[in-house]
Amino acid sequence: FADLGGWPYLICILEARQGDADVQRRGLQILCELHRAGSWGTEHMPRIAQRVMSALGAFHSDPQILEWGVWLLLQLGGLAEVLKMLERTEGTSSIGLGLLRTLRDVQWGQTEQADVKLLPEFVRVVGGCTLRALRGQLADAMQVGVQLLLNAVYAIADAAEERIPHEASRARSDAVKVVLDVLQGHAMDVEVAVLCLKVVRICHFASESSPLRQLVSDSLLGGGLLQKIAVAHASQDIVQKQVLWAQVHLRGVASVVELMERLDGSMCCWLNGVKTLGKFYDDLDELTAEAGASPARAVA
């Protein structure tokens, strides 16, 4: 393609027919296919980026142009530009939802284009969109926003606290707060509850004295939110799995047994409780010695 002068030809066509949506759509598709196949015109990147931005500006309501254009922009290191576009849409329109979905391709920490230094701006913009979706009862945008925030949080989950820049650490806390706000408002929704409870995973890496761990613990345990979710979704296997996982990491093994005994009519809770306990103990003797008669009775 490059040897035959394909790059200049393709870019010239896009420049000459910039008002033609069909040409722009097909051109962006070809650029995506070339990049995914490992071919990239490095020397032409400035002109390619300009064409992509032009197409997005003129035809952002076209779902395919939006998807392919934003994907290309991310590959060109344009995450900051995509965030600016998202902020202008406020994430509540169909265009904003499309931008949010495209951001799922961001691989934090794996490329310079998705460096952790961009995390504060990412959390500010995506978190704002997620909260607006929460207030507007826009389920799709809200759930995509939560997933994006969780992905960003996981990117630095296992980093030592002292090695995380102050701005990134604060952004991580802000992201967790947004996720917990969504959970508080939609705890009775199975999909939302399962998604938001994944925030507890960060506690696996945090120390016992970590402010972030304390934030999650206070929000889920302080007002009894976790217990309410467990009771409300007693017959939902996928919810019980997340609740019990959260219980054992935030309160220890005894809390798992307490919940199993409280929901003694829930087969989902019992089965997942036994599985959760099994992951922490090799045999019943160890379980009995560590947690006493109550855990042994629960397993029995």
Side-chain angles (χ1 to χ4, degrees), residues 49 53 56 67 69-92 95-134 140-184 192 195-207 209-220 249:
M53 288 295 294
L56 286 171
E67 178 184 354
V70 172
W71 186 86
L72 285 166
L73 203 56
L74 289 174
Q75 306 311 306
L76 292 166
L79 177 56
E81 293 300 321
V82 175
L83 291 175
K84 290 177 183 177
M85 293 171 59
L86 178 59
E87 189 167 27
R88 288 196 292 269
T89 69
E90 297 186 341
T92 56
I95 298 171
L97 178 58
L99 287 168
L100 284 170
R101 285 174 171 162
T102 308
L103 286 173
R104 290 181 295 193
D105 291 327
V106 173
Q107 301 294 318
W108 287 103
Q110 296 186 22
T111 64
E112 293 182 3
Q113 292 84 353
D115 191 89
V116 174
K117 65 183 179 182
L118 289 172
L119 194 66
E121 182 67 6
F122 183 90
V123 169
R124 185 185 70 79
V125 175
V126 174
C129 292
T130 305
L131 289 176
R132 281 188 287 272
L134 171 63
D140 288 344
M142 181 182 70
Q143 291 187 45
V144 174
V146 167
Q147 187 61 67
L148 290 173
L149 292 172
L150 288 173
N151 291 345
V153 167
Y154 297 156
I156 56 174
D158 58 349
E161 193 71 34
E162 61 273 11
R163 297 183 60 185
I164 302 175
H166 174 69
E167 294 78 7
S169 179
R170 184 169 58 185
R172 183 177 62 174
S173 296
D174 290 342
V176 169
K177 289 176 183 176
V178 172
V179 174
L180 292 171
D181 283 345
V182 172
L183 179 60
Q184 184 74 46
V192 175
L195 176 61
C196 291
L197 282 174
K198 292 179 181 178
V199 74
V200 180
R201 293 180 183 179
I202 196 173
C203 296
H204 178 72
F205 301 99
S207 65
S209 59
S210 167
L212 197 61
R213 184 186 182 91
Q214 193 63 46
L215 170 63
V216 174
S217 180
D218 289 346
S219 298
L220 294 181
H249 280 278

Legend entry - Smallest separation among heavy atoms of V123 and A175, with atom names: CG1-N, 3.8 Å
Legend entry - Between CZ on residue R88 and CG on residue L83, distance to nearest 0.5 Å: 11.0 Å
Legend entry - Note, E87 side chain near R124 side chain (heavy atom, < 4.5 Å): yes
Legend entry - R101 side chain to G98 backbone, donor-acceptor under 3.5 Å: no
Inset, instruction - State the CG-CE distance between L72 and M53, to the nearest 0.5 angstrom. - result: 12.5 Å
Inset, instruction - Working to the nearest 0.5 Å, report the span between CG of N151 and CD of Q147. - result: 4.5 Å
Legend entry - Side-chain touch L183/V199, heavy atoms, less than 4.5 angstrom: no
Legend entry - Validation row: L180, C196 side chains within 4.5 angstrom (heavy atoms): no
Inset, instruction - Identify the heavy atoms of Y154 and K198 that sit nearest to each other, and give their distance. - result: OH-O, 2.8 Å
Legend entry - Closest non-hydrogen atom pair, A133 against A141: CB-CB, 3.9 Å
Legend entry - M142 versus V192, closest heavy-atom pair with distance: CE-CG2, 3.9 Å
Legend entry - Beyond-backbone contact of V178 with L134, side-chain heavy atoms, under 4.5 angstrom: no
Legend entry - Straight-line distance of C129 SG to L100 CG, nearest 0.5 Å: 5.5 Å
Inset, instruction - Could you tell me whether the side chain of L103 reaches within less than 4.5 Å of the side chain of V82, counting heavy atoms only? - result: yes
Inset, instruction - Indicate the atoms forming the closest heavy-atom contact of T130 with G145, along with that distance. - result: OG1-CA, 3.2 Å
Inset, instruction - Would you name the heavy atoms of V70 and L99 that are closest together and state the gap between them? - result: CG2-CD2, 3.3 Å
Legend entry - CG-CZ distance between L212 and R172, expressed to the nearest 0.5 angstrom: 5.0 Å
